[in-house]
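Below you'll find the structure, written out as structure tokens, and then a few comments.
As the structure is a computational prediction, the values presented were derived from the model and not from experiment.
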Amino acid sequence: MTEKNIRRFQTALLLITNPIRSRIPFLLSSVIPYVERNLYVVVQNPNFQSSSSSSSEKFFDREQQKERIRPMLYAIYKQLTSTKNPSVDILLHNVDSAIKSTNPIRLPRICEAVFADCSPSPGLYNYCRDHFYQLDQNFELRIIDEKETKEDQSIDKLPIFDNDLFNTKSTSQYNRGVLGGTFDRLHNGHKLLLTESALLCDEKIVIGVTDGVMIKNKVLAEVVEPINDRMSNVRSFVDLIRPSLYVHCEPIEDPCGPSATMADLNCIIVTDETQEGASQVNKERQENGLSQLAVHVIPMVPAENDNQDGDNKLSSTSLRRQRLGILLKPPLKSAESNRPYVIGLTGGIGSGKSSIARRLEKLGAAIINCDKLGHETYKVDTDVYKKIIATFGEEIVNPIDRSIDRKILGNKVFQSSDELKKLTDIVWPAILNLTKERIEYLFKEGKRIIVLDAAVLLEAQWTEAVNEIWIASIPPKEAIRRVVERDHLSSDEAKRRLSNQMSNQERFPYANVLLCTYWAESVTQKQVEHAWHLLLERINGDNPIF
């Protein structure tokens with residue numbers, strides 16, 4: 001390929017004929033800039049030149065194919081820490097049968113180009129045309145210009161584990177495997193796990209996809225894709241890379257899932273992060289009277305340098321984090337030059353909502369603390385004061401200063417949802433009226449962006465007063481830890497308070513913008529600044545009004 005030829009292709013095929021790991025970085029960097037959507041990789045020894053039949057037959061042997069392909073998997077996906085296009089998939093069709101002109105491999109999509117790492121040959125174009133179905137009628141063949149490379153054991157050294165099934169003389173006895181994971185936003189780490197599992201197992205793989213209680217305390221659990229979507233994505237991916245393999249997928253709500261109960265399994269595939277889980281599986285299988293599973297360990301794909309999750313592996317958390325601070329759906333009300341732009345900021349107990357409000361205030365927003373406004377509604381002789389006493393009786397009045405004794409009132413209302421609703425029906429509309437008055441006052445004072453710090457924004461239906469809803473989220477386990485530490489409560493009391501509020505999953509559908517304070521303060525600061533700058537861009541448009 002030459003620099004002057006800069007044509008880009010939607011979908012292409014990379015044909016690796018010389019599978020040496022140290023060549024992978026060069027091959028991928030030579031091809032990926034030219035592909036926008038899908039790059040399919042096939043490791044195959046084209047028989048378009050004169051070669052001994054014994055060499056060809058050896059390559060077409062299933063175990064030999066696996067030996068050639070397997071070291072390529074980690075070498076390729078280690079280079080692909082980015083989740084951006086193109087999507088790179090390693091096809092395993094030739095493990096099951098030799099690719100011949102009478103049995104061509106069917107590519108998942110029409111490919112506009114073939115990139116090959118071998119020397120130019122008059123027969124190569126015809127070979128590709130005859131051996132790969134779904135090539136564009138006028139596909140372009142490009143030879144990767146490469147200086148001579150030799151295997152360097154210090155480059156991309158593939159981790160080898162003592163119980164690595166591929167180190168045994170034969171893996172045919174391990175043809176029914178099991179693995180598990182969340183598989184949220186299928187990324188290259190997932191692809192490595194699924195591809196190596198599909199390469200190892202010749203009959204079927206059983207895949208447990210975490211759901212329910214196993215999702216609850218994940219960071220940004222409310223953003224995790226629906227279970228049916230995740231299972232569908234897993235099935236589709238395995239079918240794409242090795243169609244002959246049977247895939248059984250099911251939701252799991254405990255770490256072992258079907259691996260502890262299915263009798264016909266003979267191996268379990270785990271990552272180097274989850275090896276301990278394999279021991280627990282075999283312990284439960286023993287208790288269930290089932291045979292032990294051989295353990296196959298797959299290394300994790302490293303994270304990008306700018307990953308701020310405090311994690312050194314590629315993860316779905318980093319992909320979910322890309323949803324933070326951005327506009328997830330259109331605002332409730334558009335910006336107007338003669339009106340303030342109001343953000344309703346809400347979140348559960350311990351979510352860091354108020355700390356986000358303080359950061360926004362430093363960036364230029366005016367803050368209205370709706371909890372403090374709530375206290376104003378209880379002032380002596382106000383309409384709200386009189387309605388509360390008429391509803392709940394004179395016994396809630398402090399005889400010394402005639403103020404409402406909120407502790408006595410609390411004992412009355414927090415024991416009954418009906419009584420609590422009577423109180424909120426009185427107080428919440430009054431707080432909203434005070435909020436609207438404060439918004440107008442701040443706007444006249446020159447404040448253009450106003451943030452309502454409101455824990456019950458959604459429950460009280462105050463959204464009529466805002467342009468956007470921003471939600472602060474934190475995993476329940478972390479929220480409980482913070483509340484225990486901050487308010488000196490017992491863990492049970494913190495859990496009770498949390499359970500009385502809307503869950504993260506219930507709030508998320510309302511979010512125009514989602515924020516999370518789970519990480520270090522510096523990360524939260526950058527997140528809020530990012531959200532603020534995007535806010536300014538969308539409300540200013542081409543004619544700045546703020």
Side-chain angles (χ1 to χ4, degrees), residues 212-224 317 320-321 323-326 328-329 332 342-361 367-375 410 413-414 417 420-421 423-424 427-428 431-432 435 451-463 465-466 468-521 523-525 527-528 531:
V213 295
M214 295 188 71
I215 298 291
K216 183 179 178 181
N217 278 301
K218 285 188 176 293
V219 179
L220 299 173
E222 63 272 33
V223 188
V224 173
T317 302
R320 293 195 290 273
R321 276 188 52 187
R323 309 269 289 171
L324 297 176
I326 67 173
L328 299 174
K329 61 181 182 180
L332 302 178
V342 183
I343 303 296
L345 175 62
T346 190
I349 186 171
S351 64
K353 169 180 60 67
S354 295
S355 69
I356 291 173
R358 290 191 294 270
R359 294 174 191 277
L360 290 170
E361 186 173 29
I367 307 298
I368 297 176
N369 188 317
C370 293
D371 288 341
K372 290 182 178 179
L373 289 185
H375 291 295
V413 301
F414 289 121
S417 58
L420 181 60
K421 186 176 186 306
L423 178 63
T424 57
V427 175
W428 283 352
I431 297 175
L432 179 59
T435 299
V451 175
L452 309 186
D453 180 352
V456 294
L457 178 82
L458 301 175
E459 296 91 331
Q461 298 181 357
W462 294 339
T463 54
V466 307
E468 294 182 18
I469 298 171
W470 289 21
I471 292 178
S473 174
I474 202 75
K477 187 180 292 186
E478 174 64 12
I480 292 168
R481 187 196 68 78
R482 291 182 180 184
V483 172
V484 168
E485 183 178 290
R486 183 190 68 192
D487 300 338
H488 307 292
L489 299 175
S490 68
S491 178
D492 288 342
E493 176 60 20
K495 289 178 182 177
R496 186 188 68 79
R497 292 193 180 188
L498 194 68
S499 66
N500 287 335
Q501 299 182 335
M502 292 180 74
S503 68
N504 292 334
Q505 283 76 9
E506 289 171 326
R507 287 190 193 92
F508 177 65
Y510 296 94
N512 295 104
V513 173
L514 182 67
L515 299 166
C516 181
T517 63
Y518 181 74
W519 300 276
E521 289 185 9
V523 176
T524 300
Q525 181 65 31
Q527 188 185 129
V528 174

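- By the 4.5 Å heavy-atom criterion applied to side chains, E222 and R507 are not counted as neighbours.
- Around CD of Q505, the count of heavy atoms belonging to other residues, nucleotides or ligands within 6.0 Å exceeds 12.
- In this structure, the side chains of I471 and V513 stay at 4.5 Å or more apart for every pair of heavy atoms.
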Exercise for the section: Given side chain to side chain contact (heavy atoms under 4.5 Å, CB included), test W428 with Q461 step by step and report yes or no. Expected result: CA-CA 9 Å; W428 283 352; Q461 298 181 357; over 6 Å; no
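- Atom CG of N512 sits about 10.0 Å away from atom CH2 of W470, to the nearest 0.5 Å.
- I431 approaches G374 most closely through the heavy-atom pair CD1-CA, 3.5 Å.
- Using a 4.5 Å heavy-atom threshold, the side chains of L324 and L220 count as touching.
- At a threshold of 4.5 Å between non-hydrogen side-chain atoms, the residues L452 and L345 do not count as touching.
- The two residues S503 and E506 have their closest heavy-atom pair at N-OE1, 2.8 Å.
- In this structure, E459 CD and M502 CE are separated by 5.5 Å, a value rounded to the nearest 0.5 Å.
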Exercise for the section: Please step through side chain to side chain contact (heavy atoms under 4.5 Å, CB included) for the pair D453 and C370, ending with a clear verdict. Expected result: CA-CA 6 Å; D453 180 352; C370 293; over 6 Å; no
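- With sequence neighbours excluded, no residue forms a side-chain hydrogen bond (donor to acceptor under 3.5 Å, both in side chains) with S351.
- The side-chain heavy atoms of K218 and P475, taken from C-beta on, include no pair separated by under 4.5 Å.
- Every residue meeting the side-chain hydrogen bond (donor to acceptor under 3.5 Å, both in side chains) condition with R496, not counting sequence neighbours, appears here in chain and number order: E493.
- Within the 4.5 Å cutoff, the side chain of L489 has heavy atoms near those of the V483 side chain.
- For CZ of F508, the number of neighbouring non-hydrogen atoms (other residues, nucleotides, ligands) closer than 6.0 Å is greater than 12.
- Taking OG1 from T435 and CG from L373, the interatomic distance works out to 5.0 Å, rounded to the nearest 0.5 Å.
- The side chain to side chain donor-acceptor pair (under 3.5 Å) test with E485 is passed by exactly one of R481, H488, R482: R481.
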Exercise for the section: Given side chain to side chain contact (heavy atoms under 4.5 Å, CB included), test L458 with T463 step by step and report yes or no. Expected result: CA-CA 7 Å; L458 301 175; T463 54; 4.0 Å; yes
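- L514 pairs in a side chain to side chain contact (heavy atoms under 4.5 Å, CB included) with only one of the listed residues (L328, I326, N504, I469), which is L328.
- Side chains of R321 and V219 form no contact here, defined as non-hydrogen atoms less than 4.5 Å apart.
- Rounding to the nearest 0.5 Å places OG1 of T346 at 8.5 Å from CD of Q501.
- By the neighbour-count criterion of 12 heavy atoms within 6.0 Å, atom NZ of K372 is sparsely surrounded, having that number or fewer from other residues, nucleotides or ligands.
- Once rounded to the nearest 0.5 Å, the distance linking NZ of K495 with OG of S491 reads 4.0 Å.
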Exercise for the section: Applying side chain to side chain contact (heavy atoms under 4.5 Å, CB included), run through W462 and V456 and close with a yes or a no. Expected result: CA-CA 8 Å; W462 294 339; V456 294; 3.7 Å; yes
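- Side-chain contact check for V451 versus I368: every heavy-atom pair is 4.5 Å or farther apart.
- S473 contributes atom OG, which lies 10.5 Å from atom CZ of R320 (distance to the nearest 0.5 angstrom).
- Partners of T424 under the side-chain hydrogen bond (donor to acceptor under 3.5 Å, both in side chains) rule, at least two apart in sequence or in another chain, do not exist in this structure.
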